*Asks:* 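Below you will find the structure I want to go over with you.
The shown structure was predicted, so the numbers you read here are calculated from the model rather than taken from an experiment. Worth knowing before you read on, the calculation uses all heavy atoms, side chains too, and leaves out hydrogens, waters and symmetry mates.
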Amino acid sequence: MTATPAITSLVSALGALEPFADPIDLLNYRRDCSMVAAGQAQLAVQAASAEDIVSIVQAAAAHDTPMYVRGGGTMYAGGANPHAGGLVIDVSRMTRVLELDLARGVVVVEPGIRFSDLTAQLAAHGQTVGIVPSTGPAATVGGALSSHALGTGSARHQSMGDCVAGLEVVLVDGTRLRTGSAACRDAGFFQRYCMGPDLTGLFIGADATLGVVTAVALWLYPLPAARSTFCLGFPEPAAAGRFLVDVQARELTRQVWYAAGYEAGTVRARVLAAQPEFDVSRLPGYCIGFDIGGERDDIARDEARLAALASEHGGAAFAAFDTAYFNKLRLTENYWYSFAGYFSRSRCAILMTSLPCDRLADLCAAVDALRARWPAFVWGAATVVCRRGLHGGVMAFYDERSEWPAIEQAIEDATQVLRGAGCVPYKSGKLWAQEVKASGAYHQVLRRLKRELDPKGLLSPGNLGL
Amino acid sequence: MSKTITQLSEDFVTRFARDLYHCSSCNYCVDAVWPERGMHAVCATLEQHSRAPGYSGRGYIEAARAIMEGQALDAATLADRVFSCTTCGNCEAACPLGLRPATIGRALREELLAVDALPPALANARDTFIAHGNPYGLPRDQRRAWLPDDEPVAQDAAMSLFTGCASALPTGAEARAGHALLKAAGVTVAVVSDACCGAPLAELGLRREGEALARAAAARLGAAEVLVAGCECAAQLRGANLKPRSIVRWLCDAVTAGQVDLHWKDDVARPSSVRLVESCQHKRDGRDGDEAAVAALLASLGCVLLNEDFPNRHATCCGAAGGMPAMAPAAAARMARACLPPTGLAVSLDARCANHLQACAGEDVEVLGIASFIEHYFRVAARPVP
Ligand SMILES: Cc1cc2nc3c(=O)[nH]c(=O)nc-3n(C[C@H](O)[C@H](O)[C@H](O)COP(=O)(O)OP(=O)(O)OC[C@H]3O[C@@H](n4cnc5c(N)ncnc54)[C@H](O)[C@@H]3O)c2cc1C
Ligand code: SF4
Ligand code: SF4
């Protein structure tokens with residue numbers, strides 16, 4: 001691709017930052033982990049500091065060049081895919097811990113720091129952060145908060161945004177905005193809600209549409225003395241859903257570091273792979289794994305409480321799934337890719353969806369329906385238990401060489417099916433944008449904010465379609 | 001107009017299409033930080049040479065897939081990226097899906113040779129090798145210069161010693177020390193010092209030519225147990241159906257089995273501490289058992305090792321491997337210095353790394369190959385058979 005005069009001029013404006021303009025280097029910036037179509041950037045630049053971001057954003061704006069922001073590039077929604085070409089601002093080299101204030105219980109980091117790096121540094125002080133997605137070795141804090149990450153910690157705190165004390169954001173005109181208590185000159189980050197409306201929240205889940213996050217203040221939490229996993233089996237998803245309603249109503253997830261629900265098919269596959277002789281009549285119709293932290297006595301007490309509550313809903317401890325899979329996933333291997341099917345097909349299309357616990361059975365029925373309608377793909381669903389409600393990940397494993405167009409249709413269909421089941425699908429490229437657009441007033445307000453903060457629409461439209 | 005690469009061989013597509021389409025673009029192979037796996041910087045090339053992502057494991061996968069899907073890529077630019085790779089294999093160790101980005105990078109070298117796109121610095125290296133039979137451009141007969149003149153030809157020896165280019169040249173220090181250790185341990189070896197295993201050619205993308213040299217070397221070595229000094233030689237000879245063991249591993253095994261005694265020399269001051277420099281080629285080759293054995297042996301002798309958690313599952317390349325030393329010597333030197341302690345003694349288990357580290361180390365650091373280290377500080381003797 002021949003560079004336009006604007007890009008050539010932008011290259012010289014960014015000269016000191018050594019931007020990448022070679023098509024071979026730009027290939028890595030084409031896409032994230034999603035099945036969303038790839039884009040084609042004309043330029044990419046790695047920023048090393050907030051000052052760099054200010055000069056990059058100002059230079060790109062002066063050249064009317066579209067901008068995309070990229071952290072680890074592990075999202076499954078395509079927000080960082082440069083569909084309009086232009087410039088990719090790569091923040092993955094902004095990895096410093098800017099402040100660690102144990103007394104205030106806050107750590108301030110640059111947006112490109114990887115979760116695994118941050119948690120290892122904090123572990124030396126017996127601390128951790130609230131939410132860690134399962135892609136911790138590659139996912140950045142800035143990317144996670146811009147895309148509503150969840151995972152470890154969701155049962156205690158909900159979502160990434162709930163663990164953020166404040167932000168620094170560079171707007172498209174170069175303004176450096178600090179939110180929360182840090183909005184007040186010299187006060188620093190220690191409180192999220194102070195002077196007025198919560199501007200921090202405006203940039204959480206905003207997918208780089210409104211500004212570039214350059215610093216993130218996260219609250220600290222003490223690491224537990226011990227961790228332990230255990231699993232509960234239920235006769236069917238509806239019973240598991242009722243159990244979770246009760247669990248959340250009684251706030252029994254305070255010490256749960258992670259909890260996730262698994263469909264019968266996954267449980268069966270895992271257990272039989274580990275114990276081929278297992279009596280299949282003893283397999284549950286739904287399983288929930290818990291990873292609990294705390295003092296040993298507290299863990300035992302929490303497990304007993306959860307097991308007692310489960311029995312009121314026909315559930316019981318199901319150790320076979322814990323030994324076969326869950327314990328390994330959480331405490332030994334600790335990464336997500338071991339999910340069945342990944343290796344057999346090729347890539348995985350993920351459609352995230354929020355749902356209330358009482359809709360768990362509907363989610364499972366929806367996935368069964370999708371299996372029947374799209375038999376070419378391997379479908380699966382995993383559900384992360386949050387402090388309130390659930391986040392479900394509906395996955396379709398597909399062969400990217402031959403099935404890329406077809407999977408887009410299938411995911412589009414999945415969006416409709418899930419909405420019909422009372423879920424809120426999101427995080428899936430243009431489908432997410434369509435959902436936001438269909439929301440009416442919510443979308444209109446977002447559009448007005450976008451016009452105000454980014455009048456020329458140079459920052460990525462993100463998955464919000466702004 | 002500059003040359004482009006527009007297609008890949010059928011062999012490449014058959015071997016790697018699955019990897020190209022399974023890749024989830026997750027970037028673990030580029031710059032994951034994975035303390036649980038001892039990984040803090042995946043790719044030495046990205047860290048020390050260029051931050052351009054085309055120099056990464058994922059970069060090779062993206063490039064290969066783009067070509068496969070009909071995109072024409074500039075051959076010289078791609079060659080610069082894939083030939084700089086140190087082939088350390090860390091990107092493969094980081095890939096959560098078990099894909100083979102480093103192997104794909106190596107295979108891309110062959111594809112680039114097919115369009116005559118060997119980078120100029122490496123074309124010189126290839127010509128030097130062809131002219132002299134070693135990558136250092138030294139006369140062929142210098143390979144045996146380290147051997148004592150009176151060394152008898154051990155025709156019926158139960159073991160052969162294969163001293164590759166890096167231990168026999170340029171000084172021959174590692175070959176001489178390894179040989180001396182074996183002798184002191186009462187072992188007679190048939191020395192094959194005038195052959196190359198072909199690893200330097202294979203590294204330049206001349207895989208078949210490299211394999212031919214390995215087969216020729218294997219034929220010379222015969223059926224006897226083969227000991228080697230260099231790690232690359234071991235991997236290459238394994239491809240020729242041999243099962244070589246490193247000299248130092250043999251020594252560790254012999255000490256453990258009670259056949260050989262090893263004691264600090266009384267007349268040489270002991271080093272206050274030692275940093276063992278980990279070798280990425282050892283890891284890639286699945287031979288970190290050697291590193292563990294050496295660490296255990298030295299620790300049992302009271303040697304203070306500076307390494308934490310040695311051996312790690314991964315090592316960051318010191319810059320000795322791949323095209324880096326010829327193409328970007330300054331980056332290769334930075335890689336070396338990043339592996340060395342600021343002062344004191346560093347010991348490498350690999351002869352090629354030891355040469356490179358010695359050449360790049362500052363004045364305050366002494367670097368020794370493992371055989372030279374043991375020979376300098378320890379007395380080795382065969383234990384009398386009761
Ligand atoms: C196998 C697999 C498992 C996963 N598991 C989880 C999981 O458990 N929980 C979970 O929440 N997610 C999960 N994800 C999705 C993803 O890994 C996480 O959401 C992650 O936090 C994204 O971070 P990133 O740095 O990779 O973001 P990117 O992909 O780089 O970016 C995500 C979005 O944020 C924007 N952005 C990035 N940095 C900034 C910034 N500094 N300022 C403004 N905008 C920015 C980008 O433009 C993009 O729109 C998974 C993905 C995969 C492939
Ligand atoms: S083999 Fe090593 S140097 Fe080459 S791309 Fe992989 S990590 Fe980088
Ligand atoms: S090769 Fe492996 S680690 Fe690298 S981007 Fe692809 S899937 Fe991720």
Side-chain angles (χ1 to χ4, degrees), chain A residues 18-35 38 44 46 48 70-74 76 81 90 92-93 95 112-121 123 135-140 332-338 342-348 399-404, chain B residues 4-5 13 17-42 46-47 50-69 71-82 94-99 108:
Chain A
E18 299 178 5
F20 308 126
D22 192 283
I24 292 178
D25 296 323
L26 294 174
L27 289 169
N28 272 32
Y29 291 114
R30 286 197 298 186
R31 64 192 294 203
D32 60 10
C33 287
S34 65
M35 53 88 198
Q46 288 176 343
R70 188 182 171 99
T74 66
Y76 33 59
N81 297 10
D90 177 348
S92 69
R93 302 300 283 174
T95 56
I113 193 166
R114 309 302 193 281
F115 279 92
S116 297
D117 188 4
L118 176 58
T119 52
Q121 291 190 45
T135 35
T140 65
T332 326
E333 290 172 2
N334 205 20
Y335 69 92
W336 187 95
Y337 283 84
S338 54
Y342 217 113
F343 300 91
S344 62
R345 305 288 291 184
S346 100
R347 288 181 62 128
C348 176
D399 181 348
E400 187 155 287
R401 207 168 165 187
S402 58
E403 296 172 337
W404 203 357
Chain B
T4 55
I5 173 163
V13 173
R18 184 182 174 279
D19 293 67
L20 304 189
Y21 284 90
H22 268 61
C23 171
S24 68
S25 321
C26 72
N27 281 322
Y28 274 54
C29 60
V30 181
D31 47 16
V33 180
W34 208 340
E36 293 89 348
R37 291 193 169 190
M39 218 167 240
H40 299 279
V42 175
L46 283 178
E47 289 295 310
S50 166
R51 291 299 311 162
Y55 289 90
S56 67
R58 179 177 168 208
Y60 307 149
I61 289 196
E62 290 287 353
R65 185 165 156 182
I67 300 168
M68 214 176 130
E69 291 175 352
Q71 205 170 323
L73 299 183
D74 183 74
T77 310
L78 184 60
D80 183 62
R81 276 131 186 83
V82 300
C95 176
L97 302 186
L99 306 183
L108 272 176

*Asks:* Test B:Ser25 against A:Arg347 for side chain to side chain contact (heavy atoms under 4.5 Å, CB included), laying out the working first.
*Replies:* CA-CA 9 Å; B:Ser25 321; A:Arg347 288 181 62 128; 2.7 Å; yes
*Asks:* Assess whether a salt bridge exists between A:Arg93 and B:Asp31, defined as any Lys/Arg side-chain N lying under 4.0 Å from an Asp/Glu carboxylate O.
*Replies:* no
*Asks:* Using a 4.5 angstrom heavy-atom cutoff, name the option from A:Tyr76, A:Phe115, A:Tyr29 with the most pairs to chain B.
*Replies:* A:Tyr29
*Asks:* Side chain, backbone, both or neither: which part of A:Glu400 has a heavy atom under 4.5 Å from chain B?
*Replies:* both
*Asks:* If I measure from the heavy atoms of chain B, does A:Asp32 come under 4.5 Å with its side chain, its backbone, both, or neither?
*Replies:*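 Interface part for A:Asp32: backbone (N, CA, C, O).
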*Asks:* Return the CZ to OG distance between B:Arg18 and A:Ser346, rounded to the nearest 0.5 Å.
*Replies:*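 Atom-to-atom, B:Arg18:CZ and A:Ser346:OG are 9.0 Å apart.
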*Asks:* Using only atom types and a distance under 3.5 Å, with no angle test, would you say the side chain of A:Asp117 pairs donor to acceptor with the backbone of B:Val33?
*Replies:*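 No; zero donor-acceptor contacts below 3.5 Å.
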*Asks:* Measure the spacing between CD of B:Glu62 and CG of A:Leu26 and express it to the nearest 0.5 Å.
*Replies:*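 These two atoms lie 11.5 Å from each other.
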*Asks:* Say whether, by atom type as modelled, one donor and one acceptor occur between the side chain of B:Ser24 and the main chain of A:Cys33 under 3.5 angstrom.
*Replies:*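 No, because the side chain of B:Ser24 does not come within donor-acceptor range (under 3.5 Å) of the backbone of A:Cys33.
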*Asks:* Could you give the distance from CG (B:Asp74) to CD1 (A:Ile24), rounded to the nearest 0.5 Å?
*Replies:*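 Rounded to the nearest 0.5 Å, the CG-CD1 separation comes to 6.0 Å.
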*Asks:* If you round to the nearest 0.5 Å, how far is OH of B:Tyr28 from CZ of A:Arg114?
*Replies:*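 Spacing of CZ (A:Arg114) from OH (B:Tyr28) equals 10.5 Å.
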*Asks:* Using a 4.5 angstrom heavy-atom cutoff, name the option from B:Arg65, B:Met39, B:His40 with the most pairs to chain A.
*Replies:* B:Arg65
*Asks:* side-chain hydrogen bond (donor to acceptor under 3.5 Å, both in side chains) with B:Ser50: which residues, sequence neighbours excluded?
*Replies:*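 Applying side-chain hydrogen bond (donor to acceptor under 3.5 Å, both in side chains) to B:Ser50 gives none.
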*Asks:* Pick one of side chain, backbone, both or neither for A:Thr95, based on which atoms fall under 4.5 Å of a heavy atom in chain B.
*Replies:*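 A:Thr95 has no heavy atom closer than 4.5 Å to chain B.
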*Asks:* What part of A:Arg401 gets closer than 4.5 Å to chain B, counting heavy atoms only: side chain, backbone, both or neither?
*Replies:* both
*Asks:* Among A:Leu27, A:Asn28, A:Ile113, who wins on heavy-atom pairs under 4.5 Å with chain B?
*Replies:* A:Asn28
*Asks:* As an exercise: rank B:Ala52, B:Ala94, B:Gly54, B:Ala32 by heavy-atom pairs under 4.5 Å with chain A and give me the winner.
*Replies:* B:Ala52
*Asks:* Heavy-atom cut-off 4.5 Å, strictly under: side chain, backbone, both or neither for B:Met68 against chain A?
*Replies:*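 Contact with chain A: side chain only.
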*Asks:* Go through B:Cys23, B:Ala66, B:Ser56 and name the one with the most non-hydrogen pairs under 4.5 angstrom from chain A.
*Replies:*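 Ranked by contacts with chain A, first place is B:Cys23.
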*Asks:* Is there a side-chain contact between B:Arg51 and A:Asp90, using heavy atoms and a 4.5 Å cut-off?
*Replies:*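 A side-chain contact under 4.5 Å is absent here.
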*Asks:* Highest number of heavy-atom pairs under 4.5 Å with chain B: which of A:Glu18, A:Arg30, A:Arg31?
*Replies:*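 Greatest number of close heavy-atom pairs with chain B: A:Arg31.
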